[in-house]
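Worksheet: the structure to be examined is printed underneath.
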Amino acid sequence: MPTNQKNKIKFIDFCAGIGAGRFGLQNLGLCCVGFSEIDKNAERTYREFFGQEEKNYGDLMKINAKDLPDFDLMIAGFPCQTFSVIGQRKGMCDRRGQIIF
Ligand SMILES: C[S@@+](CC[C@H](N)C(=O)[O-])C[C@H]1O[C@@H](n2cnc3c(N)ncnc32)[C@H](O)[C@@H]1O
């Protein structure tokens with residue numbers, strides 16, 4: 001992390017997508033220390049916006065918390081299909097809905 005970022009609030013970006021959440025927090029002066037995203041095209045776009053510096057920790061369901069860097073705040077735009085009125089609304093009975101845990 002660059003020295004001018006050291007006193008900033010640090011966040012990690014789970015289910016990062018193309019980074020809309022990160023844009024908001026960075027614009028408020030917070031510092032992203034890493035992200036998690038499994039879609040390669042989303043990651044490509046994310047890296048176009050934010051560069052190569054932060055690590056993609058990959059599948060959120062497989063991350064060991066001990067491998068993560070120190071952070072103050074976590075954001076997660078987790079998949080909403082299983083909660084959506086357009087879907088079958090299985091919520092947490094669907095594996096995708098359990099990612100929140
Ligand atoms: C609603 S979108 C996220 C939008 C994002 N927060 C943004 O601001 O652009 C959900 C994202 O979660 C990702 N995702 C789904 N399952 C995942 C998993 N197990 N680990 C990491 N990312 C996952 C999807 O590939 C998708 O990009």
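All ligand and atom numbering here is 1-based and tracks the order in the structure.
- Counting heavy atoms of neighbouring residues, nucleotides and ligands inside a 6.0 Å radius, atom CD1 of I9 does not exceed 12 of them.
- Between F50 and F23, the ring-plane angle classifies as tilted under the 30° and 60° cut-offs.
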With a cut-off of 3.5 Å and sequence neighbours excluded, list every side-chain donor-acceptor pair involving residues 56-65.
residue: N56; atom: OD1; partner: E37; partner atom: N; Å: 3.0
residue: N56; atom: OD1; partner: G58; partner atom: N; Å: 2.9
residue: N56; atom: ND2; partner: E37; partner atom: O; Å: 2.9
residue: N56; atom: ND2; partner: E43; partner atom: OE1; Å: 3.1
residue: D59; atom: OD1; partner: M61; partner atom: N; Å: 2.8
residue: N64; atom: OD1; partner: K66; partner atom: N; Å: 3.0

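- Crowding of L28 atom CG: a count of heavy atoms from other residues, nucleotides or ligands under 6.0 Å exceeding 12.
- The cationic group of R22 does not satisfy the cation-pi geometry with F35, failing either the under 6.0 Å distance to the six-membered ring centre or the 45° limit from the ring axis.
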**OP:** Could you give me the CA-CA distance, side-chain angles and deciding distance for L73 and L25, then say whether side chain to side chain contact (heavy atoms under 4.5 Å, CB included) is met?
**Re:** CA-CA 10 Å; L73 182 72; L25 292 184; 4.0 Å; yes

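- Residues of the protein with a heavy atom under 4.0 Å from ligand 1 are C15, A16, G17, I18, G19, A20, G21, S36, E37, I38, D39, G58, D59, L60, M61, G77, P79, I99, listed by chain and number.
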